[in-house]
Each structure stands twice: as structure tokens, then as C-alpha cells.
**Student:** 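Please see the structure below; I have some questions.
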Amino acid sequence: MSSRKFFVGGNWKMNGDKETLGDLIMTLNTASLNDEAEVVCGAPSIYLDYVRSKLDQRIGVAAQNCYKVPKGAFTGEISPAMIKDCGIDWVILGHSERRHVFGESDELIGQKVAHCLENDLGVIACIGEKLEEREAGTTEDVVFEQTKVIADNVKDWARVVLAYEPVWAIGTGKTATPDQAQEVHEKLREWLRENVSDAVAGSVRIIYGGSVTGGNCKELAAQADIDGFLVGGASLKPEFVDIINARS
């Protein structure tokens with residue numbers, strides 16, 4: 001097993017209210033969690049302050065998105081400065097729903113990555129191919145191109161986690177097999193070795209997202225280049241604890 005610290009992110013997406021999220025927070029606060037895992041929960045922006053005030057400090061909190069500038073006439077957006085002001089240390093950027101539902105370009109995602117890192121926010125940067133791209137055999141082309149735009153905007157990789165999320169496996173119940181996921185993670189690490197540095201390739205955490213559950217997490221976590229998970233639906237359920245403890 002690598003020396004990279006296991007990382008589990010929960011992406012709550014546009015779900016929950018104070019009552020249900022309060023119940024989830026209570027479950028997490030009282031659970032026995034693997035001390036060797038870093039855990040970060042991505043809350044809806046309107047609840048960031050609430051979640052940070054209630055969630056045990058051993059668990060990080062992430063915003064699910066933000067904009068590329070500190071402030072201004074950008075109705076509905078939030079900035080890294082605002083996120084930091086709520087005591088939040090992470091942000092999820094480039095999620096497939098931001099790319100494919102809201103039309104965010106690689107260029108915009110890269111600009112957001114740069115601005116967040118300049119403001120000392122950790123970035124969970126998402127990449128991944130659609131079903132038609134996998135079936136056309138262009139998975140590597142797609143994820144390498146997305147990764148390049150992110151890499152071009154990173155000066156210090158210490159606060160970056162790469163999340164490989166095949167779009168066809170998000171919320172569909174379909175999961176890349178452990179071998180399929182490991183293959184892409186291994187190739188991403190090789191791309192980093194060739195295009196960034198050996199040190200970054202060896203240290204950066206590449207996590208998997210796409211219908212991760214308590215039932216499949218241990219086999220996925222056993223793969224050499226899978227350093228954790230970005231979990232959607234299951235992060236709202238008690239089984240999230242089992243996923244956090246996948247390597248216990």
C-alpha cells in the first residue's frame with residue numbers, strides 16, 4: 001500500500017436540510033472512523049456555516065463549487081474568500097455535473113483552480129469521461145486533456161486531490177470495475193510523471209468516484225493507485241462510515 005494518506009470526500013450535492021444533515025452529522029461525529037483516513041464533506045453552500053459549526057473538527061468541509069474572482073457582480077456565486085470566511089478549507093471543482101449540466105468549460109475550471117489555490121483552499125479537482133467517450137476508446141484522451149488544464153493552473157500540488165469520476169458511473173448504480181478504475185488511475189499517475197514530475201506523481205492522491213458503496217469500497221480501495229473516494233449518494237447514508245473505513 002502506498003504512503004499516500006487515504007482520502008474520502010462526501011459530495012452531498014443539492015440534498016438535505018438542517019434536520020437530515022444534522023442527523024448525518026451526529027452519525028459521523030459519533031462513529032469510529034479510521035484515523036489514517038482524511039475525510040471531507042461537501043455541503044450545499046447555504047449550509048456551509050451550519051455544517052462546519054456542527055461537524056467534528058477531525059472531519060473537513062468542502063464547498064461544492066465557487067467562482068474565479070474574490071468578489072463582484074456575479075449573482076448567485078460564492079468566492080474562495082467567502083468559503084474561507086466560513087472556516088472551510090476545501091472546494092470541489094470541475095464535477096461532471098458542473099461540466100455537463102451547467103456547461104462549465106475546461107478553461108473556466110482551470111481558472112477556478114488557480115484562484116482557489118492562490119487563496120489557500122484545497123481543491124478536489126474532478127475529471128472523467130462520458131459513456132460514449134469510453135465506448136469510442138477515447139477515455140485517456142479526455143481525462144488527460146482535462147488533467148492538463150488543471151495541471152497548467154497548479155503551482156503547489158500539496159493541496160490538490162484529483163478525483164477520477166467516469167460520468168457513466170455517477171448516480172447510475174454502475175461502477176467501474178476495480179481493474180477498470182485502477183487502469184485509469186495508473187495511467188493518470190504516469191501522465192503526471194511525464195508531464196509534471198516524479199515527485200508529484202508519487203505524492204498526489206487520485207481518488208475514485210462513481211456509485212461507490214459500502215459493498216464495493218474495500219475491493220476498490222485495495223487497488224495500488226486508488227487513494228480514496230469521492231462519494232455521492234452513499235455519503236448521505238450511514239454506510240458512508242463503512243466507506244471511510246474501507247482500509248481499516
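Along the sequence shown, the residues carry numbers beginning at 1.
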**Student:** Among Phe7, Phe6, Tyr208, which residue meets the ring-ring contact (aromatic ring centres under 6.0 Å, His included) test with Phe229?
**Tutor:** Phe6
**Student:** Evaluate the side-chain proximity of Asp141 to Glu145: yes if any heavy-atom separation is below 4.5 Å, no if none is.
**Tutor:** no
**Student:** So which heavy atom on Cys116 is nearest to which on Cys66, and how close?
**Tutor:**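 That would be SG-SG, 3.2 Å.
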**Student:** Looking at Lys13, I want to see if its NZ is surrounded by more than 12 non-hydrogen atoms of other residues, nucleotides or ligands under 6.0 Å.
**Tutor:**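 Yes, the 6.0 Å shell around NZ holds more than 12 heavy atoms from other groups.
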**Student:** Do the non-hydrogen side-chain atoms of Val160 and Leu117 ever get within less than 4.5 Å of each other?
**Tutor:** yes
**Student:** Please determine whether salt bridge (Lys or Arg N to Asp or Glu O under 4.0 Å) holds for the pair Glu140 and Lys187, giving the CA-CA distance in whole Å, both sets of side-chain angles, and the decisive distance to 0.1 Å.
**Tutor:** CA-CA 8 Å; Glu140 289 179 45; Lys187 288 177 177 176; 2.6 Å; yes
**Student:** Decide yes or no for Val51 and Ile25: does some side-chain heavy atom of the first lie under 4.5 Å from some side-chain heavy atom of the second?
**Tutor:** yes
**Student:** Kindly indicate whether the side chain of Gln57, heavy atoms from C-beta on, has any atom under 4.5 Å from the side chain of Arg52.
**Tutor:**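 Touching, per the 4.5 Å side-chain cut-off.
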**Student:** Just by distance, with hydrogens left out, do Thr20 and Asp23 show a side-chain donor and acceptor under 3.5 Å apart?
**Tutor:**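 Not at all, the side chains of Thr20 and Asp23 share no donor-acceptor pair under 3.5 Å.
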**Student:** Please determine, by modelled atom types, if Tyr164 and Glu129 share a side-chain donor-acceptor pair under 3.5 angstrom.
**Tutor:** yes
**Student:** Quick check: is Val167 connected to Val231 through a chain of hydrophobic side chains (ILVMFWY, heavy atoms under 4.5 Å apart)?
**Tutor:** no
**Student:** Heavy atoms, side chains only, cut-off 4.5 Å: are Ile127 and Leu188 in contact?
**Tutor:** yes
**Student:** When you compare the side chain of Trp12 with that of Leu24, does any pair of heavy atoms fall below 4.5 Å?
**Tutor:** yes
**Student:** Any heavy-atom pair between the side chains of Ile59 and Leu33 that's under 4.5 Å?
**Tutor:** yes
**Student:** Using side chain to side chain donor-acceptor pair (under 3.5 Å) as the criterion, point out the one residue from His95, Arg99, Lys112 that pairs with Glu104.
**Tutor:** Lys112
**Student:** Do Val149 and Ile109 come within less than 4.5 Å of each other through their side chains, counting heavy atoms only?
**Tutor:** no
**Student:** What is the minimum heavy-atom distance between Asp242 and Gly214, and which atoms define it?
**Tutor:** CB-CA, 4.4 Å
**Student:** If you count every heavy atom of other residues, nucleotides or ligands that lies below 6.0 Å from Ile46 atom CD1, does the total exceed 12?
**Tutor:**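 No, because the 6.0 Å sphere around CD1 of Ile46 holds 12 heavy atoms or fewer from other groups.
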**Student:** Which heavy atom in Ala125 sits nearest to a heavy atom in Ile150, and how many Å separate them?
**Tutor:**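 Scanning both residues, the minimum pair turns out to be CB-CD1, 3.8 Å.
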**Student:** Let me know which of Ile206, Leu162, Val184 forms a side chain to side chain contact (heavy atoms under 4.5 Å, CB included) with Arg189.
**Tutor:**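 The residue from Ile206, Leu162, Val184 that satisfies side chain to side chain contact (heavy atoms under 4.5 Å, CB included) with Arg189 turns out to be Ile206.
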**Student:** Please determine if Arg205 forms a cation-pi arrangement with Trp157, meaning its NZ or CZ atom is less than 6.0 Å from the six-membered ring centre and no more than 45° off the ring axis.
**Tutor:**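 Judged by the rule (NZ or CZ under 6.0 Å from the ring centre, within 45° of its axis), Arg205 is not positioned above Trp157.
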**Student:** Got more than 12 heavy atoms from elsewhere within 6.0 Å of CD, Glu133?
**Tutor:**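 Yes, CD of Glu133 has more than 12 neighbouring heavy atoms, counting only those of other groups under 6.0 Å.
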**Student:** Looking only at heavy atoms, what is the nearest atom pair of Ile78 and Ala63, with distance?
**Tutor:**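 Heavy atoms only, the tightest pair is CD1-CB, 4.4 Å.
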**Student:** Within a radius of less than 6.0 Å around NZ of Lys54, do more than 12 heavy atoms belonging to other residues, nucleotides or ligands occur?
**Tutor:**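 It does not: Lys54 NZ has 12 such atoms or fewer within range.
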